[in-house]
Amino acid sequence: MSSDAPPGVFITFEGGEGAGKSTQIARLAEALRQASGREVVTTREPGGTERAEELRAALLRGVAKPYGPFAEALMFAAARIDHIENLIRPALARGAIVLCDRFSDSTRAYQGAAGGLAPGLIASLERVTLGDLRPDLTLILDLPPEAGLARAHSRGEGKPADRFEAEGLRFHERLRAAFRAIAAAEPERCRVIDADPGPDAVEARIREAVSAWRPDLLPQRVPAPGEGQGHAA
Ligand code: T5A
C-alpha cells in the first residue's frame with residue numbers, strides 16, 4: 001500500500017445464475033464513487049485481465065468439462081491467480097474499493113458443493129490461490145434458481161446456454177443451498193440479499209447492508225422530513 005493511501009476494500013458479489021450481480025455492481029460502484037470520492041474498480045471472475053478473460057471464454061464454452069471438476073477448478077484457479085496478481089492486489093494497494101462479480105465462493109459452490117469436489121481439496125486450492133487475500137465483505141444475491149435462469153435466458157436473446165446455465169435444476173438448487181451455507185458459516189463476512197424483487201428494491205437492500213457495515217464508505221440515507229414517520233392521529 002502506498003504510504004498515504006487508505007486501506008483498499010475488497011467486496012465480492014456471489015449467487016446463482018442471473019441473480020443480478022452485474023446490474024447491482026454497476027449501481028453500487030456509482031453510489032460508492034459519489035459517497036466516498038474514492039477510486040472504485042469493478043471486475044469479474046472468471047476474467048478481469050486479458051489472460052483470465054481468455055480462460056473465461058474457454059471455461060464457459062465447456063472446454064474443461066470433459067476433464068472433470070478438479071481440472072475445471074484448476075483452470076478457474078489459474079485465471080484467479082492472474083486476476084489477483086495483476087488487477088486485484090495492485091488496486092487494493094492503491095487504496096481502491098474493488099467490487100468483484102464472483103470470486104472463490106463460486107469455486108466452493110460450483111466445483112465443490114454442486115460439482116462434487118471434496119471440501120478439503122477446495123480449501124487447499126483456495127489457500128494456495130488466494131494466499132492471505134480474503135474478501136472484506138461478500139454480498140450473496142439469493143433467489144430461486146428458476147427465476148435466475150429465466151432472467152439469464154431472457155438476457156441471452158436466443159444465445160445457447162453456457163456451460164453452467166445448461167446444468168439441470170438440481171445442480172442450481174445445490175448451488176443456492178451452498179451459497180446459503182457459506183453465509184451461515186461466515187456471518188461476519190457474508191450478507192444474504194433477497195434478489196427476487198425488482199432491481200431498485202435489491203439496490204436499496206444492498207445499500208442498507210453496505211451502509212450498516214461501513215457507514216464511512218456509504219452513509220445511511222438521511223430520511224426527508226416526515227418520511228417514514230407515522231401520521232399523528
Ligand atoms: N464459475 C465462476 C464457476 O463455476 N467457478 C468459479 O470459480 C467462478 C468464478 C460465469 C460462470 O462461471 C461459473 C459461474 C458462472 O456460471 P457468468 O456469465 O459470469 O459466467 O455468469 P453469472 O455470474 O451468473 O452472470 P449473469 O450475467 O448470468 O448473471 P448476473 O450478473 O447475476 O445478472 P445480471 O445483472 O446480468 O442480470 C441478468 C438479467 O436479469 C435482469 C438483467 O437486466 C439481465 O437481463 N435483472 C433483473 N430482472 C428482474 N429483477 C431484478 N432484480 C433483476 N436484476 C437483473
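In this chain, numbering begins with 1 at the start of the sequence shown.
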Applying ring-ring contact (aromatic ring centres under 6.0 Å, His included), can you list everything that pairs with Tyr110, at least two apart in sequence or on another chain? Phe164
Once ring-ring contact (aromatic ring centres under 6.0 Å, His included) is applied, do any residues pair with Phe103, and if so which ones, sequence neighbours excluded? Phe10
So, Thr129 and Arg80: side-chain donor and acceptor under 3.5 Å apart, yes or no? no
Distance-only polar pair, side chains of Asn86 and Thr49, donor-acceptor under 3.5 Å: no
Transitively linked via ILVMFWY side-chain contacts under 4.5 Å: Phe13 with Trp213? yes
Is there a path from Ile182 to Leu141 through hydrophobic residues (I, L, V, M, F, W, Y) whose side chains come within less than 4.5 Å of each other? no
So, does [X] use its side chain to make a donor-acceptor pair with the main chain of [Y] at under 3.5 Å?
| X | Y | result |
| --- | --- | --- |
| Ser211 | Leu218 | yes |
| Arg134 | Gly131 | yes |
| Arg151 | Ala19 | yes |
| Arg191 | Glu188 | yes |
| Glu165 | His153 | no |
| Gln24 | Pro199 | yes |
| Arg174 | Ala114 | yes |

Is there side-chain contact between Val9 and Leu32, with at least one heavy-atom pair below 4.5 Å? no
Would you say that Leu149 contacts His172 through its side chain, given a criterion of any heavy-atom pair below 4.5 Å between the two side chains? yes
From the options Leu137, Ile97, Val40, select the one residue that forms a side chain to side chain contact (heavy atoms under 4.5 Å, CB included) with Leu217. Ile97
Which one of Val41, Leu130, Leu133 satisfies the side chain to side chain contact (heavy atoms under 4.5 Å, CB included) criterion with Ile88? Leu133
Checking Arg180 against Asp142 for the salt bridge (Lys or Arg N to Asp or Glu O under 4.0 Å) test, could you report, in this order, the C-alpha distance in whole Å, the side-chain angles of both residues, the deciding distance, and whether it holds? CA-CA 8 Å; Arg180 288 175 161 192; Asp142 178 67; 3.0 Å; yes
Criterion salt bridge (Lys or Arg N to Asp or Glu O under 4.0 Å) on Arg51 and Glu54, from CA distance to verdict: CA-CA 5 Å; Arg51 280 187 291 264; Glu54 284 172 9; over 6 Å; no
Per the salt bridge (Lys or Arg N to Asp or Glu O under 4.0 Å) rule, what does the pair list look like for residues 117-129, sequence neighbours excluded? Arg108-Glu126
From CA spacing to verdict: salt bridge (Lys or Arg N to Asp or Glu O under 4.0 Å), Asp200, Arg27: CA-CA 10 Å; Asp200 291 347; Arg27 292 179 179 217; 2.8 Å; yes
Is the shortest side-chain N to carboxylate O distance from Glu30 to Arg33 below 4.0 Å? yes
